[in-house]
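Everything below concerns the one structure shown next.
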Amino acid sequence: MILVMGGAGYIGSHTVKYLLAHGQSCVVADNLSCGHREAVDERAGFMLADLADKDSLRKVFETYPIEAVIHFAAFTYVGESVRDPKKYYRNNVAGTLNLLDAMLEHDVKKIVFSSTCATYGEPLYTPIDEQHAQNPINPYGRTKLMIEQIFRDYAKAYGLKYIALRYFNAAGCSADGSIGESHDPETHLIPLVLQAIQGKRPDIKVFGTDYDTPDGTCIRDYIHVEDLAQAHWQAVQKLDDYSGYLNLGTGVGTSVMEIIKAAEKVSGKTCSVTLAARREGDPAKLFADNKKAKQVLNWNPVYTSVEDIVKTAWTWENNRRF
Ligand code: UDP
């Protein structure tokens with residue numbers, strides 16, 4: 001059985017759904033501080049647990065025959081991590097140490113972890129491969145890098161088997177519209193654009209139009225959440241013979257303006273756009289070299305067009321349950 005720590009969150013809940021669809025039994029542990037109970041498939045087990053509370057973690061391992069852990073539980077707002085780093089180091093780093101303690105106490109030595117392209121910091125070149133230097137420019141990115149480094153030491157000392165998946169921009173929602181993205185506050189581009197189109201927000205503010213890119217707006221690599229889910233399952237199955245770090249992106253860069261155009265096309269409506277100043281800490285271009293993940297995991301992202309990704313997000317925005 002797989003423990004999905006943080007399985008009530010955006011990427012975690014889609015991964016639970018994917019695991020169940022592939023015949024894998026799993027239990028979700030989540031403190032529901034950011035996640036949604038409704039997002040957890042009814043066929044999965046559920047326990048309230050908090051990374052800060054070791055006893056709550058131990059209880060999960062005592063209750064279920066866990067063989068491997070997929071660990072999503074983390075705070076993920078870059079801006080908040082700058083304003084309140086102790087919250088991030090305490091939860092993301094110290095909390096993961098608690099989880100690793102509980103795992104080792106129960107002789108569970110396999111973990112797949114949500115890392116991020118934010119561990120690279122300002123890119124020196126694109127596409128970014130796994131060899132790219134890691135110099136994160138905010139506390140959030142640093143918490144994730146620290147955990148990657150902890151894994152390497154735990155592998156040597158305690159035989160931990162780990163795969164850290166460095167996501168680029170997770171996007172889209174379950175193709176059947178049953179679950180989707182719901183953050184409070186929402187800061188991500190695609191849901192904000194769609195909500196502006198729906199009139200739930202006055203406009204979308206484009207953060208920076210003077211970047212060194214063809215249309216002047218930032219370029220990102222949007223990877224569908226179900227393709228991320230697929231990679232997690234493949235990573236779990238690979239842990240016996242591989243530990244390491246893998247980029248998860250499509251390898252294709254899309255600008256902010258291109259996302260807005262895709263959203264207008266999908267919805268058949270126009271989006272009110274306001275040009276705004278750059279957001280601090282946003283590099284001009286981030287996109288992945290994903291060859292290693294494809295090769296190691298035999299992973300192949302299904303969604304290669306942002307329009308198809310936006311379409312799934314649009315379905316969710318029109319029928320959200322949470
Ligand atoms: N962005 C924007 N307006 C918004 C939110 C985001 O222009 O209201 C831009 C942001 O500057 C970045 C891209 O959209 O270039 C994706 O941002 P998001 O916050 O979705 O993800 P991030 O790249 O920060 O992980």
Side-chain angles (χ1 to χ4, degrees), residues 9-11 34 72 74-83 88 92 114-123 126-128 136-145 165-173 180-225 228 247-264 271-288 306 309-310 312-314 316-317:
Y10 171 42
I11 306 170
C34 306
F72 294 98
F75 292 129
T76 59
Y77 291 112
V78 168
E80 186 185 52
S81 80
V82 175
R83 290 189 302 275
Y88 279 69
N92 295 7
S114 302
S115 189
T116 165
C117 65
T119 60
Y120 294 114
E122 192 67 44
T126 48
I128 300 174
I137 54 171
N138 52 63
Y140 165 66
R142 279 190 278 276
T143 64
K144 294 287 183 175
L145 177 56
L165 298 171
R166 296 177 184 155
Y167 314 151
F168 281 65
N169 286 58
C173 299
E181 184 168 15
S182 180
H183 297 108
D184 184 19
E186 188 54 76
T187 60
H188 294 106
L189 179 65
I190 293 175
L192 291 179
V193 169
L194 296 177
Q195 288 164 19
I197 285 176
Q198 287 175 318
K200 290 182 182 158
R201 296 177 188 268
D203 59 4
I204 181 73
K205 293 185 179 49
V206 175
F207 296 149
T209 51
D210 58 348
Y211 284 99
D212 185 16
T213 59
D215 66 18
T217 65
C218 283
I219 289 178
R220 294 288 179 273
D221 183 338
Y222 295 89
I223 175 82
H224 195 269
V225 66
L228 293 179
N247 284 342
L248 294 183
T250 60
V252 176
T254 305
S255 74
V256 173
M257 288 314 293
E258 285 170 335
I259 290 288
I260 295 170
K261 281 194 203 114
E264 289 182 328
C271 182
S272 169
V273 173
T274 303
L275 306 183
R278 290 183 178 199
R279 186 173 67 177
E280 209 186 321
D282 269 341
K285 270 191 264 181
L286 288 174
F287 54 97
V306 278
I309 293 177
V310 170
T312 64
W314 181 238
W316 169 248
E317 285 301 339

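As the structure lists them, so they are numbered: ligands from 1, and atoms in each ligand from 1.
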key: Over all atoms of both residues, closest heavy-atom pair of L194 and A263   = CD2-CB, 3.8 Å
ask   = Have Y120 and N247 got a donor and an acceptor in their side chains that come within less than 3.5 Å?
value = yes
remark   = Residue shell for ligand 1, any heavy atom closer than 4.0 Å, reads N169, T187, H188, L189, L192, I204, K205, V206, F207, C218, R220, Y222, V256, R279, D282
ask   = Do Y167 and S114 meet the criterion of a side-chain donor-acceptor pair at a distance under 3.5 Å?
value = yes
ask   = Should the pair R278-D210 be classified as a salt bridge under the 4.0 Å nitrogen-to-oxygen rule?
value = yes
message = So, using side chain to side chain donor-acceptor pair (under 3.5 Å) as the criterion, who are the partners of E264 when residues are at least two apart?
response = none
request  = Hey, could you give me the CD1/OG1 distance between I219 and T126, rounded to the nearest 0.5 Å?
outcome  = 8.5 Å
